[in-house]
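Please read all numbers here as calculations on a predicted model, not as lab measurements. Keep in mind that the numbers below use all heavy atoms, side chains included, and drop hydrogens, waters and symmetry copies.
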Amino acid sequence: MTGRDGTGALTTGLRAVARFRPGPTTPTGGEPRADGPGPTDVGRVGAAVGAGVVALLTTLPAWAPTGLIETTVDLALLVALAQLWNVLAASAGLVSLGQQAFVGVGAYTLVVAADDVGLNVFLAVPAAALVAAVLSLPVAALVLRVGGATFAVATLVVAQAAMAVVAANHALGGTGGRELVATTELDAEALETTTYWLALVLGVGAVVGVYLLSRTRLGLALDAMRDDTAAAARLGVDPGRTRLAVWVLAAAVAGAVGAVAHLGSPGVDPASAFDLTAWTVPVVFVVVLGGVGTIEGPIVGALVYVVLGELLFDGGPWFLVLAAIATIAVAVTSTDGLWGLVRRWRPVVLFTRHRGSGLGSSPDAEEG
C-alpha cells in the first residue's frame with residue numbers, strides 16, 4: 001500500500017500497538033461465569049473447531065479451483081507473518097517496520113540454493129528460514145540497542161539498505177532480479193500443491209507455535225516484560241535475550257514465508273521481495289484490525305483483509321482505501337480490534353489461556 005491512506009493507517013496502527021495494555025487474566029481454578037460457558041468448555045470447543053477447520057483445509061487441493069488455493073496460500077502466509085509480528089510488537093515491545101528484509105532474504109535464498117547450489121527447491125524453504133535467522137543476529141546487534149520509534153525507523157532503514165545491497169549485486173541479478181529456473185522443470189500441479197502444503201504448515205504452525213510459546217519459560221518472560229519490563233528484570237528475566245530470541249524466531253518465519261511466496265513466481269527481484277507495502281504494511285493492518293495482543297485477532301484480521309482484497313475488490317485501489325479507513329476506525333474506537341467486538345457475543349475462544357499471564361490470549365477474554 002502506498003500514499004497518504006497507507007501511511008495514515010500505518011501510523012494509527014502503530015499508535016494502537018503502543019497503547020496496548022494487557023487486561024486481567026483468570027487465575028488457576030477460577031469459577032466459570034454464570035452467563036456463559038466455563039473456560040475449560042470454551043477451550044475444548046474452540047480446539048475442536050480449529051481442528052475441524054484445519055482438517056477441511058487439508059482437503060482443499062483435492063477439490064478447490066486454482067484461484068481458491070492461491071488465495072488460501074496468501075491467507076496462510078499472512079497469518080504466519082502477523083502472528084510473529086504480533087508477538088514482537090505486543091509482548092516484546094518491538095514494533096518492526098523491517099520484516100520485509102527477512103522476506104527478501106528468504107526469497108533470494110530460495111533462488112541461490114535451488115539454482116546455484118542445486119538444493120531441492122522445496123528443501124530450500126527451511127534453508128531460507130535458517131539463513132534469515134542467522135542474518136538477523138548482526139541486525140539485532142544494531143537495532144535492539146534502541147527502542148520505541150527509533151527502533152521502528154532503524155528496522156525500516158536496515159530493510160531499505162538490504163534491498164539496495166541486493167540491487168547492486170550483479171550475481172543476484174541487480175535491479176532486474178533473478179529467474180527461478182528450478183521450478184520451471186516441475187509439474188505445475190505438483191508445484192501448486194506442494195506450495196499450498198508448505199504455506200498451510202507455516203500458517204497453522206505459527207498459530208499453534210505462538211500458543212505453545214505462551215506456555216514456555218520464554219512465553220512467561222514475554223508476558224512479564226509486557227506487564228513491566230523493569231519488574232521482570234528484577235525477577236530474573238533477561239529482556240535482551242528474550243527480545244533476541246523472539247526477533248530471531250520472527251526472522252526465520254519471515255524467511256520461510258519469502259521462499260514459499262516465490263515458489264510460484266517466475267523469478268525474484270529486489271523491488272517485490274523487499275517491498276514494505278507488500279509484506280509489512282498488510283501485517284500491521286491485519287494485527288490492528290483483528291486485535292493486538294491476541295492469537296485470534298490476526299486470524300480474523302487476515303481473513304477480512306484477504307477475503308475483501310482478493311475476492312471482492314481484487315486488491316485494487318478502492319480496497320487500499322477501504323483497508324486504510326477500516327484500520328483507522330478500528331484503532332480509534334477499540335484497542336481490541338474486530339476480535340474484541342466478536343468476543344462481546346460470547347463466542348468460542350480458540351486458544352484462551354487460563355493459567356499464568358496472557359500472551360496469546362485475548363487481554364480481557366475472561367473479564368467479568
Is there a donor-acceptor pair closer than 3.5 Å between any side-chain N or O of [X] and the backbone N or O of [Y]?
X      : Y      : value
Asn86  : Val287 : no
Thr155 : Leu97  : yes
Thr193 : Ala190 : no
Asn169 : Gly174 : no
Trp85  : Ser96  : yes
Gln100 : Ala159 : no

Positive for side chain to side chain contact (heavy atoms under 4.5 Å, CB included) with Arg243, one of Thr229, Leu222, Val248: Thr229
Criterion side chain to side chain contact (heavy atoms under 4.5 Å, CB included) against Ile328, the qualifying member of Ile325, Val330, Val332: Val332
Might you point out which heavy atoms bring [X] and [Y] nearest each other, and give the distance in Å?
X      : Y      : result
Ala232 : Met225 : CB-N, 3.9 Å
Val143 : Ala154 : CG1-CB, 3.9 Å
Thr109 : Ala128 : CG2-CA, 3.6 Å
Val95  : Ala89  : CG2-CB, 4.1 Å
Ile69  : Ala64  : CD1-O, 3.7 Å
Ala259 : Leu110 : O-CD2, 3.4 Å

How long is the span from the [atom1] atom in [X] to the [atom2] atom in [Y], to the nearest 0.5 Å?
X      : Y      : atom1 : atom2 : value
Leu213 : Leu84  : CG    : CG    : 9.0 Å
Leu78  : Leu202 : CG    : CG    : 12.5 Å
Thr327 : Leu322 : OG1   : CG    : 8.5 Å
Ser214 : Asp223 : OG    : CG    : 7.5 Å
Leu191 : Leu186 : CG    : CG    : 6.0 Å

For a 4.5 angstrom cut-off between non-hydrogen side-chain atoms, does [X] reach [Y]?
X      : Y      : value
Ser91  : Val246 : no
Val268 : Leu180 : no
Arg178 : Asp116 : yes

Residue pair Gln99 / Thr280, side-chain donor-acceptor N/O under 3.5 Å: no
side-chain contact (heavy atoms from CB on, under 4.5 Å) assessment of Val53 paired with Leu57: CA-CA 6 Å; Val53 171; Leu57 290 175; 4.2 Å; yes
Residues Thr66, Glu70; criterion side-chain contact (heavy atoms from CB on, under 4.5 Å); working and verdict: CA-CA 6 Å; Thr66 298; Glu70 291 176 349; 3.4 Å; yes
Sequence neighbours excluded - side-chain hydrogen bond (donor to acceptor under 3.5 Å, both in side chains) pairs with any residue from residues 254-275: Asp269-Ser272, Asp275-Thr277
Contact list for residues 132-154, test side-chain hydrogen bond (donor to acceptor under 3.5 Å, both in side chains), sequence neighbours left out: none
CA sep, side-chain torsions, deciding dist, call: Leu94, Leu144, side-chain contact (heavy atoms from CB on, under 4.5 Å): CA-CA 8 Å; Leu94 303 174; Leu144 292 187; 3.9 Å; yes
Pairing residues for Asp238 by the salt bridge (Lys or Arg N to Asp or Glu O under 4.0 Å) criterion, not counting sequence neighbours: Arg241
Ring pair (Phe, Tyr, Trp, His ring centres under 6.0 Å) partners of residues 95-130, not counting sequence neighbours, each pair once: Phe102-Trp247
Qualifying ring pair (Phe, Tyr, Trp, His ring centres under 6.0 Å) pairs with a residue from residues 160-203, counting only residues at least two apart or across chains: none
Evaluation steps, side-chain contact (heavy atoms from CB on, under 4.5 Å), between Val103 and Phe274: CA-CA 7 Å; Val103 174; Phe274 293 89; over 6 Å; no
Leu130: hydrophobic cluster co-members (side-chain, 4.5 Å): Val134
